[in-house]
*Asks:* 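Mind looking over this structure? Questions follow.
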Amino acid sequence: MRLSELLGSRYKERPAEAVLDSHAFMLRGGYMRQVANGIYSLLPPALRVARKIERIIREEMDRIGGQEVLMPVVLPRELWEESGRYEGVGSELLRFRDRTGHDMLLGMTHEEAVVHLCRNEISSYAQLPFMVYQIQTKFRDEPRSRGGLIRVREFTMKDAYSFHTSWEDLREYYEVCYRAYQRIFARAGVPEVAVVVSDSGMMGGKVAHEFMLLTEVGEDSIVTCDTCKYIANLEVAEGRIEAFVEAPKPLEKVHTPGYKTIEEVAGFLGVETRQTAKVVFYESDSEGKLVVLLIRGDIEVNEIKLAKIIQAVPVPATEAKIVAAGSVAGYASPMSLDREKVRIVVDHTIAQSNNLVAGANEKDYHVKHFNLARDLPGIETVDVANVRENDGCRQCTGRLHLTRGIEVGNIFQLGTKYTESMAMTYLDENGKACHPIMGCYGIGVGRLVSSVIEARHDKFGPRWPMSVAPWQVHINALNATAGDVKEVAETLYADLKAAGIEVVYDDRNERPGVQFADADLLGVPIRLVVSERNLKNGALEYKRRDTGDQGTIPVAEAVETARRWIAEAVAEIEGIADTFNA
């Protein structure tokens with residue numbers, strides 16, 4: 001590719017809307033252009049990177065027995081009604097009507113579509129297990145598009161789905177996919193991607209993992225232990241919170257006039273916030289009951305954990321509903337509430353501590369020395385606490401720390417959530433109809449493109465790994481009208497192409513500073529500079545953008561040297577990937 005012919009301009013200024021470096025470099029470097037909020041067109045450099053990532057993904061999916069299919073982006077309402085998700089998913093699912101008035105939607109994920117595809121193709125246990133995958137456009141009407149391709153509305157995703165006759169078989173294959181994902185990210189040049197225990201969210205299922213690139217600019221909160229290998233998304237992380245324990249004392253009612261918040265009550269009574277219990281109300285659980293959550297005063301509620309327990313989206317309750325249940329806002333307590341009419345949820349921090357200050361369910365009054373087992377017996381405690389910085393690790397004696405990460409992939413053990421609801425069955429060895437057990441495996445292609453830049457860049461631009469770089473060699477011809485510069489550059493360009501090397505050639509009559517700035521933004525691993533000064537010695541200047549090495553090489557050895565460098569770089573990346581083989 002001649003740079004004079006490459007579609008897309010590069011520019012120096014950082015765009016005001018770009019918070020992330022990857023976003024800034026992809027705009028400045030002519031990789032993409034915004035069409036609408038969260039919707040982008042890709043220019044040739046970005047598309048070349050994306051296609052290389054897709055090739056890696058295909059190779060690894062084929063390697064573990066995947067069969068590539070292609071399902072439509074536009075789906076009928078009926079499929080999502082079968083699974084129960086048409087009404088269950090919010091406004092991020094884009095719904096519309098076609099010209100006949102039929103309700104349709106844009107697929108944001110394809111569990112329903114793949115079950116529809118496979119349920120008429122599979123009839124016997126002898127056809128299981130199998131895995132199908134696709135690389136397809138999806139649309140999620142994301143309300144908080146940000147970071148360029150990191151969080152978008154329209155995106156390209158590899159999604160795979162496996163079908164099994166037993167949980168044991170799914171778990172075995174899940175491990176195979178786990179390793180394949182590690183190979184994919186290593187081959188894409190980001191082997192440091194961490195595997196994090198996560199929440200299955202709207203996908204359903206019991207076991208889920210996310211593959212996270214740990215970075216300060218990430219949008220997800222990640223919990224890690226400073227001693228053991230524990231790592232989890234904050235949504236599901238569990239910590240060891242220091243308990244407050246002393247000799248039990250009798251319950252004592254105290255006057256707290258006008259003091260409602262935890263901080264106000266603790267200050268008035270001269271206690272620490274960890275010596276208090278607070279009540280948080282939510283509109284309803286899956287049965288329509290008001291949810292009354294009791295948790296230690298210094299701990300925040302993890303509403304993702306709570307949602308799993310109450311089987312409903314936690315929505316803060318109105319004061320009218322709180323009063324109707326017989327409680328007093330600001331002085332609430334579950335002690336005097338009718339357990340048949342409300343759903344009482346108690347966090348484990350309440351059971352682990354004692355002699356807590358709690359509401360008395362009477363205006364201007366609290367109680368001291370609340371003890372769960374004595375004052376609210378018979379209620380099982382759960383974990384709905386948000387992990388905090390420096391909480392203890394449950395796996396060891398270490399301390400937990402919060403960091404940030406970008407999710408580049410996820411895997412789920414879905415179970416029979418979709419095959420049951422959509423009546424997909426097969427006949428087992430005894431002729432009995434059974435529902436296949438599913439696994440689901442996703443990678444966002446565009447997000448991975450941006451994540452590679454976040455992991456591999458300097459202040460000038462991307463430093464693409466050889467495996468996914470838009471080109472392998474970048475030629476700069478400086479002052480092409482001088483001496484033999486143009487002739488040598490043209491010959492080098494032709495010889496590199498003939499050797500099967502991907503090369504971009506800056507054939508413009510631009511100043512060296514402009515050429516080098518554009519080369520930095522394109523981030524090609526090997527840069528070969530043709531200049532009159534070095535040609536006097538029969539040499540070219542080289543700069544390795546991927547390794548930082550630089551120097552000179554003879555013109556006659558340039559093609560073979562470039563070929564060797566490329567092979568070595570690819571071999572190093574593949575060697576790292578091989579460490580993740582099952």
Side-chain angles (χ1 to χ4, degrees), residues 197 199 206 223 230 232-251 262 265-266 271-287 289-317 322 325-327 331-361 366-388 390-396 400:
V197 177
D199 176 62
K206 296 181 179 179
V223 176
Y230 180 75
N233 193 300
L234 181 62
E235 295 174 345
V236 298
E238 298 179 348
R240 176 170 42 80
I241 298 172
E242 183 180 353
F244 174 79
V245 180
E246 60 183 19
K249 299 177 182 178
L251 198 64
I262 291 297
V265 173
V271 299
E272 299 178 50
T273 55
R274 69 189 183 102
Q275 295 172 254
T276 66
K278 65 182 174 184
V279 172
V280 186
F281 294 93
Y282 294 94
E283 279 291 313
S284 64
D285 65 2
S286 58
E287 298 179 357
K289 292 182 177 180
L290 177 72
V291 176
V292 183
L293 171 64
L294 187 63
I295 190 170
R296 216 171 71 181
D298 60 328
I299 308 296
E300 294 300 318
V301 179
N302 184 314
E303 293 186 345
I304 301 296
K305 295 179 182 179
L306 178 62
K308 285 192 170 185
I309 293 166
I310 65 175
Q311 293 296 294
V313 176
V315 177
I322 295 171
S327 192
Y331 304 93
S333 169
M335 286 188 288
S336 58
L337 299 183
D338 187 343
R339 297 191 191 183
E340 296 298 319
K341 296 182 179 179
V342 300
R343 171 77 175 273
I344 299 176
V345 178
V346 180
D347 183 69
H348 66 89
T349 53
I350 297 295
Q352 293 168 356
S353 298
N354 70 350
N355 290 346
L356 300 173
V357 173
N361 231 11
H366 282 77
V367 295
K368 295 170 66 175
H369 312 141
F370 171 82
N371 288 273
L372 180 67
R374 180 192 65 200
D375 302 319
L376 195 65
I379 294 184
E380 183 179 352
T381 61
V382 294
D383 177 16
V384 289
N386 241 357
V387 168
R388 305 166 303 176
N390 215 38
D391 277 344
C393 176
R394 287 197 184 183
Q395 311 295 324
C396 70
L400 299 179

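Owing to the predicted nature of the structure, the values given are computational and were not obtained by experimental measurement. Position 1 is the first residue of the sequence, and the numbers go up from there.
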*Asks:* Under the side-chain contact (heavy atoms from CB on, under 4.5 Å) criterion, do Val357 and Lys368 qualify, and how do the steps go?
*Replies:* CA-CA 4 Å; Val357 173; Lys368 295 170 66 175; 4.3 Å; yes
*Asks:* Show the numbers, then the answer: is there a side-chain contact (heavy atoms from CB on, under 4.5 Å) between Asp298 and Glu272?
*Replies:* CA-CA 9 Å; Asp298 60 328; Glu272 299 178 50; over 6 Å; no
*Asks:* Give, for atom CZ of Phe244 and atom CZ of Arg274, the distance between the pair rounded to the nearest 0.5 Å.
*Replies:*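 One finds 6.0 Å between CZ of Phe244 and CZ of Arg274.
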*Asks:* What's the separation between atom CD1 in Ile310 and atom OG in Ser286, rounded to the nearest 0.5 Å?
*Replies:*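 It is 8.0 Å, given to the nearest 0.5 Å.
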*Asks:* With rounding to the nearest 0.5 Å, note down the distance linking CD in Glu235 to NZ in Lys308.
*Replies:*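 Between Glu235 CD and Lys308 NZ, I get 9.5 Å after rounding to 0.5 Å.
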*Asks:* Can you tell me how far apart CG (Leu251) and CG (Asn355) are? Round to the nearest 0.5 Å.
*Replies:*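 Rounded to the nearest 0.5 Å, the CG-CG separation comes out at 10.0 Å.
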*Asks:* Does Glu380 CD have over 12 foreign heavy atoms under 6.0 Å away?
*Replies:*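 Count not over threshold, so no.
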*Asks:* Which atoms form the tightest heavy-atom contact between Arg343 and Lys289, and what is the distance?
*Replies:*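 Taking every non-hydrogen atom into account, N-CB, 4.0 Å.
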*Asks:* Checking Gln311 against Asp285 for the side-chain contact (heavy atoms from CB on, under 4.5 Å) test, could you report, in this order, the C-alpha distance in whole Å, the side-chain angles of both residues, the deciding distance, and whether it holds?
*Replies:* CA-CA 6 Å; Gln311 293 296 294; Asp285 65 2; over 6 Å; no
*Asks:* Any idea which heavy atoms bring Val292 and Pro334 closest together, and the distance?
*Replies:*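 So the two residues come closest at CG1-CB, 4.1 Å.
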*Asks:* Looking only at non-hydrogen atoms, find the nearest pair between Ala360 and Val367 and report the distance.
*Replies:*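 Heavy-atom minimum between the residues: CB-CG1, 3.8 Å.
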*Asks:* Which atom names give the shortest non-hydrogen contact between Leu234 and Val387, and what distance separates them?
*Replies:*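 Closest pair (atom of Leu234, atom of Val387, distance): CD1-O, 3.6 Å.
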*Asks:* Judged by atom type as modelled, is there a donor-acceptor pair below 3.5 Å linking the side chain of Asn371 to the main-chain atoms of Ala373?
*Replies:*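 Checked: no pair found.
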*Asks:* On a heavy-atom basis, which atom in Gln352 and which in Ala243 lie closest, and how many Å separate them?
*Replies:*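 It is O-CB, 3.1 Å.
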*Asks:* Can you name the one residue among Asp383, Val382, Asp347 that meets side-chain contact (heavy atoms from CB on, under 4.5 Å) with Lys305?
*Replies:*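 The side-chain contact (heavy atoms from CB on, under 4.5 Å) with Lys305 is passed solely by Asp383 among Asp383, Val382, Asp347.
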*Asks:* Please name the residue in the list Thr381, Ile299, Leu356, Leu376 that meets the side-chain contact (heavy atoms from CB on, under 4.5 Å) test with Ile350.
*Replies:*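 Going through Thr381, Ile299, Leu356, Leu376 one by one, the side-chain contact (heavy atoms from CB on, under 4.5 Å) with Ile350 is satisfied by Leu356 alone.
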*Asks:* What pair of heavy atoms forms the shortest contact from Val384 to Leu293, and how long is it?
*Replies:*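 Here Val384 and Leu293 meet closest at CG2-CD1, 3.6 Å.
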*Asks:* Would the distance check show the side chain of Asp375 and the main-chain N or O of Phe370 forming a donor-acceptor pair, the cut-off being under 3.5 Å?
*Replies:*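 Such a contact is absent between Asp375 side chain and Phe370 backbone.
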*Asks:* What distance do Glu242 atom CD and Thr349 atom OG1 have between them, rounded to the nearest 0.5 Å?
*Replies:*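 Glu242 CD to Thr349 OG1: 13.0 Å, rounded to 0.5 Å.
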*Asks:* Any sub-3.5 Å donor-acceptor pair from Asn361's side-chain atoms to Ser327's backbone N or O?
*Replies:*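 Not at all, since once roles are kept as given, no pair shorter than 3.5 Å links the two residues.
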*Asks:* Can you find a pair of side-chain heavy atoms, one from Ile241 and one from Arg388, that are under 4.5 Å apart?
*Replies:*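 They are in side-chain contact.
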*Asks:* Would you confirm whether Asp391, through its side chain, and Glu238, through its main-chain N or O, come within 3.5 Å as a donor-acceptor pair?
*Replies:*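 Not a single qualifying donor-acceptor pair exists.
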*Asks:* Any side-chain heavy atom of Leu294 within less than 4.5 Å of one from Ile344?
*Replies:*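 SC-SC contact between Leu294 and Ile344 ruled out.
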*Asks:* Using 0.5 Å steps for rounding, measure from the CD atom of Glu246 to the CD atom of Gln275.
*Replies:*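 Between Glu246 CD and Gln275 CD, I get 6.5 Å after rounding to 0.5 Å.
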*Asks:* Which one of Val315, Val345, Val301 satisfies the side-chain contact (heavy atoms from CB on, under 4.5 Å) criterion with Tyr282?
*Replies:*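 Result for side-chain contact (heavy atoms from CB on, under 4.5 Å) with Tyr282: Val301.
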*Asks:* Look at the side chain of Arg394 and the backbone N and O of Gly239, then say whether any donor-acceptor pair between them is shorter than 3.5 Å.
*Replies:*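 Side chain of Arg394 to backbone of Gly239, a donor-acceptor pair under 3.5 Å: yes, one is there.
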*Asks:* Is there side-chain contact between Thr276 and His366, with heavy atoms separated by less than 4.5 Å?
*Replies:*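 Result no, sub-4.5 Å side-chain heavy-atom pair not found.
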